[in-house]
Number of protein chains: 2
Amino acid sequence: MAKRVTLAEVAARAGVSPITVSRALRRPDTVQAETRARIDAAVAELGYVPDPAARALATGRADVIGVLIPSVTNAVFTDVLSGIYDGLADSRFDVQYAITRYDPGTEEKLIGVFLRQRPAGLIISGIDQTDAARRLLDRASCPVVQVMETGPDPVDMMVGFSHHDAAAAATRHLIDRGYRRPGFLGARMDPRTQRRFAGFRAEAEAGGVFDLDRVETTEVPSSVGGGAELLRALLGRHPETDAVFCNNDDLALGALFEAMRMGIPVPGQLGICGFNDLEMMRAAEPSLTSVRTNRFEMGARAVEMIRARLDGRDPGPAILDLKAEILARRSTDGPTGNRPVET
Amino acid sequence: MAKRVTLAEVAARAGVSPITVSRALRRPDTVQAETRARIDAAVAELGYVPDPAARALATGRADVIGVLIPSVTNAVFTDVLSGIYDGLADSRFDVQYAITRYDPGTEEKLIGVFLRQRPAGLIISGIDQTDAARRLLDRASCPVVQVMETGPDPVDMMVGFSHHDAAAAATRHLIDRGYRRPGFLGARMDPRTQRRFAGFRAEAEAGGVFDLDRVETTEVPSSVGGGAELLRALLGRHPETDAVFCNNDDLALGALFEAMRMGIPVPGQLGICGFNDLEMMRAAEPSLTSVRTNRFEMGARAVEMIRARLDGRDPGPAILDLKAEILARRSTDGPTGNRPVET
DNA sequence: TTGTACGCGTTATCAA
DNA sequence: TTGATAACGCGTACAA
C-alpha cells in the first residue's frame with residue numbers, strides 16, 4: 001500500500017518549510033523561481049499529491065463542483081455531464097455528482113449532503129425543487145446554476161431553454177408542414193415533460209388542431225419500445241392522427257418502427273417529431289425531425305459561469321437562454337410527402 | 001450560509017464529551033442507551049451531519065468507492081454505473097467517478113488521484129491498464145474490481161465476460177443461420193473492440209467464411225451515422241457480403257437504416273447482429289439480434305464484492321464471469337428469411 | 001520571499 | 001461505559 005507522501009517530506013527534501021511548498025503548488029508566482037524549481041523536483045521525485053481531505057478541512061471548502069441529475073442512463077443528462085467535464089478539464093476542481101431518480105425529496109436530501117461539504121459550486125437540473133430545497137440553495141455560500149431549463153425565478157444562475165416554447169415551435173412546425181390532426185406521445189410525465197405538453201397544447205389550440213383525445217401518455221420512463229406501444233395505442237383509438245409530437249427521441253424512434261410494422265408511410269401518412277436531437281435522429285430512415293437542445297453547451301456554460309464567479313470575473317446574464325432549434329428532417333415532410341427539406 | 005454544526009456542539013448540548021458522540025454515531029451499541037438517547041436528540045435538534053473531510057483526515061481513509069470509466073456518453077458504461085449506484089444505496093459509501101476518455105495515460109493518472117484519497121474500493125473498466133497503473137493497483141490498500149471484461153490475470157477481483165468468446169458466439173450464430181459471407185463493422189477499435197474482432201475472426205476462420213477484405217473499421221467513436229457509413233463502404237467494395245457483425249448496437253442500428261436506404265432486405269439479403277443489446281434492439285423493425293451483456297449486474301456485483309471484502313465476508317470467486325448471451329431476433333433470421341425465431 | 005503558530009472536525013489510543 | 005490527549009495534513013494569519 002502506497003505510503004503517503006506529505007508536504008513535510010517534500011519540504012525536507014527541498015530544504016524549505018512546508019508552507020513554502022504549499023505556496024509553490026498553489027501560487028507558483030509567489031515563490032522564487034529557484035526555490036520553486038527545487039520544490040518541483042522534490043514533488044516529482046517523491047510523487048507527492050495533495051490530500052484533498054486535509055485541504056478541505058483546513059480551508060473549510062472543497063474544490064468540488066456538485067452536480068445533481070435525475071438519471072445517469074438518460075443520454076440527455078450525460079451529455080450535460082460531458083460538457084461539465086470538458087469545462088472543468090485543466091482546473092483544480094473535481095466533479096461530484098449524485099442521482100435524484102427524478103424524486104424531489106431525494107434531490108432535497110442530496111442538496112444538503114453536498115452543501116455540507118462546502119462545494120465550490122453546484123449544478124442542478126431543472127427548476128422543480130421543493131420549497132425546502134429552494135431555501136437551502138438560497139442560503140448556499142457557493143454559486144448555483146440550474147441547467148436544462150429556464151424559468152422566471154433563478155436561485156442564482158440558469159442556463160437552459162424554455163421547454164414550453166420549444167415544444168410549441170415543434171408543434172408549429174408540424175402545422176406548417178400541413179399536418180392537421182397531430183397527437184402527443186409522452187412518457188414519465190414529470191414536470192418538465194408537462195411543460196412540453198403545455199407548449200404542444202397551446203400551439204395546437206392556437207392552430208385549431210388540438211384534440212385532448214389524441215394525447216397518449218404513460219408514467220413509466222421513456223424507451224423505444226414504449227414509443228412503439230404509445231403509437232399503437234393512439235392509432236388504435238384515433239387512426240385519423242396524421243402526426244405525433246414525441247416527448248423525446250426514444251419515443252420518436254419507437255413510433256417510427258411501429259409505423260413501419262403497421263405499414264404506415266412516414267411522413268406521408270404520419271409525421272413524426274422527436275425532442276432532443278440525439279445523434280441517431282439524423283441517421284434514421286427516414287431521417288427524424290427533432291428539437292436540438294444544446295446539452296453539451298449547457299454543461300460547459302454552467303461551469304464557465306461558476307468559474308467566472310469564483311474568479312471574480314463577470315459570469316454574464318443570470319439567465320442564459322440557449323434557444324432550442326427545430327431540425328426539420330424528412331419525417332415531417334408533410335402529408336403529401338413531397339416537400340423539400342434541409343438535411 | 002449554513003453554519004457548520006460540530007461534534008463539540010452536539011456534545012455540549014448532550015452533556016457528554018465529543019468522543020462519546022462520535023462513538024454513539026458510529027457504534028451505537030458501545031454507549032449506554034440513555035446517553036445515546038440524549039445524543040440522538042441533540043443531533044436531531046442541531047441538525048448535525050459529520051464532516052466527511054475531517055473524518056477522512058482522522059481515519060486515513062474515505063468512505064468512497066472510486067469508479068473509472070472511459071466515457072459518460074456511452075450507454076454501456078452508464079448502465080454499469082447505474083448498477084453500482086443501486087448496490088451502494090443504503091450504504092455509507094459515496095461513489096466518485098472519473099472519466100479516462102479511453103486513454104490509458106489518463107487512467108493511470110486518475111488511479112493515482114483516487115488512491116491518494118484512500119478510497120474504500122476501486123472499480124475500473126477493463127483489463128488494459130498500463131504497467132505503471134497496474135503497479136499502483138497492485139499496491140492499493142483497498143479492494144479493486146475490474147469490470148466489463150474477464151481475463152487471466154486480475155489485479156484483485158473481476159466481473160465481466162470474454163469479449164472474444166461473445167463475439168465468436170455471435171459469429172457462430174450468423175454462420176448457423178446460413179450466412180456465408182459475413183463482414184465486420186467496427187469503430188474506435190480500442191483493445192476491447194480488437195478482442196471482439198479477434199473472436200469474430202477466429203470463429204469465421206473456423207467456419208471457413210472469413211475474408212479480411214470484408215472488415216470495415218474506423219478509429220472514430222461509434223455512432224448510428226457511423227454504422228451507416230461503414231455499411232455503405234463495405235457493400236461498395238463487397239456487395240456479396242450477406243451479414244455484418246457490428247462492434248456495437250449503434251453501428252447495427254445505423255447499418256439497418258442504411259440497408260433500408262439502399263433497398264436491401266434485412267435479414268433476407270443482409271443479416272445484422274449488434275453487441276450489448278441496448279433496449280432499442282428489441283423494438284426495432286425488424287428486431288435486431290444482439291449480444292446481451294449484463295452491464296447493470298456487473299456494477300451491482302462489483303459493489304457487492306467490495307462490500308463483502310470490507311465486511312470480512314466471502315466475496316466469492318475472484319473472477320466472476322457473467323456470460324454474455326446471444327439474443328437472436330429477426331435481423332438474423334437467415335438469408336432465406338423464413339427461419340422462425342424467439343422474440 | 002519565507003517561516004512560525006495555530007486551528008480545521010474528527011478519530012485512535014490509552015487511561016479512568 | 002466514558003473521557004483526555006494527541007494526532008491526521010494542510011492552509012490562514014501574522015511575523016520576520
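To find a chain, count down the sequence lines: A is the first, B the second, and so on, and within it residues start at 1. All values reported here derive from a predicted model rather than from experimental measurement.
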Measure from [atom1] on [X] to [atom2] on [N] and round the result to the nearest Å.
X	N	atom1	atom2	value
A:Arg26	C:dT1	CZ	P	16 Å
B:Leu7	D:dC8	CG	P	20 Å
A:Asp51	C:dC8	CG	C1'	13 Å
A:Glu34	C:dT1	CD	P	13 Å
A:Gln117	C:dT10	CD	P	13 Å
A:Leu57	C:dT10	CG	C1'	8 Å
A:Arg118	D:dC10	CZ	C1'	17 Å
A:Glu9	D:dG9	CD	P	8 Å

Charged N-O contact under 4.0 Å between B:Arg313 and B:Glu304: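 Judged by the 4.0 Å cut-off on N to carboxylate O distance, B:Arg313 and B:Glu304 do form a salt bridge.
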
Between B:Thr59 and B:Val16, name the one whose nearest nucleotide on DNA chain D is closer to the 5' end.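 With B:Thr59 and B:Val16 compared, the 5'-side residue is B:Val16.
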
On DNA chain D, does the nearest nucleotide to B:Asp29 precede the nearest nucleotide to A:Arg55 from the 5' side, or the other way round? Give the residue.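 That would be B:Asp29.
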
Quickly, which of A:Gln146, A:Arg192, A:Arg195 forms a side-chain hydrogen bond (donor to acceptor under 3.5 Å, both in side chains) with A:Asp128? Name it, please.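 The passing option is A:Arg195.
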
Who pairs with B:Thr193 by side-chain hydrogen bond (donor to acceptor under 3.5 Å, both in side chains), at least two apart in sequence or on another chain?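 With neighbours one apart ignored, the set is B:Asp190.
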
Measuring from the side chain of [X] (C-beta onward, heavy atoms only), which nucleotide among [options] has the closest atom?
X	options	value
B:Ala54	C:dT10, C:dA12, D:dT12	C:dT10
B:Arg23	C:dT10, D:dT2, C:dA12	D:dT2
B:Ile19	C:dT2, D:dG3, D:dC10	D:dG3
B:Tyr48	C:dG9, C:dT13, C:dT10	C:dT10
A:Gln32	C:dC8, C:dT1, C:dT11	C:dT1

Whether B:Asp51 side chain and B:Ala54 backbone form a donor-acceptor pair below 3.5 Å: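 Side chain of B:Asp51 to backbone of B:Ala54: a pair is present.
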
Has B:Glu45 got a side-chain atom pairing as donor or acceptor with B:Ala42's backbone, closer than 3.5 angstrom?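 Flag not set: sc B:Glu45 to bb B:Ala42 has no pair under 3.5 Å.
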
Looking across every strand, which nucleic acid part, if any, lies under 4.0 Å from B:Pro18 by heavy atom: base, sugar-phosphate, or nothing?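 Contact class for B:Pro18: none.
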
[N] phosphate, OP1 or OP2, under 4.0 Å from [X] side-chain N/O:
X	N	result
B:Ser22	C:dT11	yes
A:Thr35	C:dT2	yes
B:Arg27	D:dT2	no
B:Ser17	D:dT2	no

Mind jotting down which residue pairs meet the side chain to side chain donor-acceptor pair (under 3.5 Å) criterion with at least one end in residues 87-96 of chain A? Sequence neighbours excluded, please.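 Of all non-adjacent pairs touching residues 87-96 of chain A, those that pass side chain to side chain donor-acceptor pair (under 3.5 Å) are A:Asp63-A:Arg92.
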
Record whether the side chain of B:Arg116 comes under 3.5 Å of the base of D:dG9 through a donor-acceptor pair of N or O atoms.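 Not at all, since no donor on one side and acceptor on the other fall under 3.5 Å apart.
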
Has the side chain of A:Arg61 got a donor or acceptor atom sitting under 3.5 Å from an opposite partner on the base of D:dG11?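 No pair found.
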
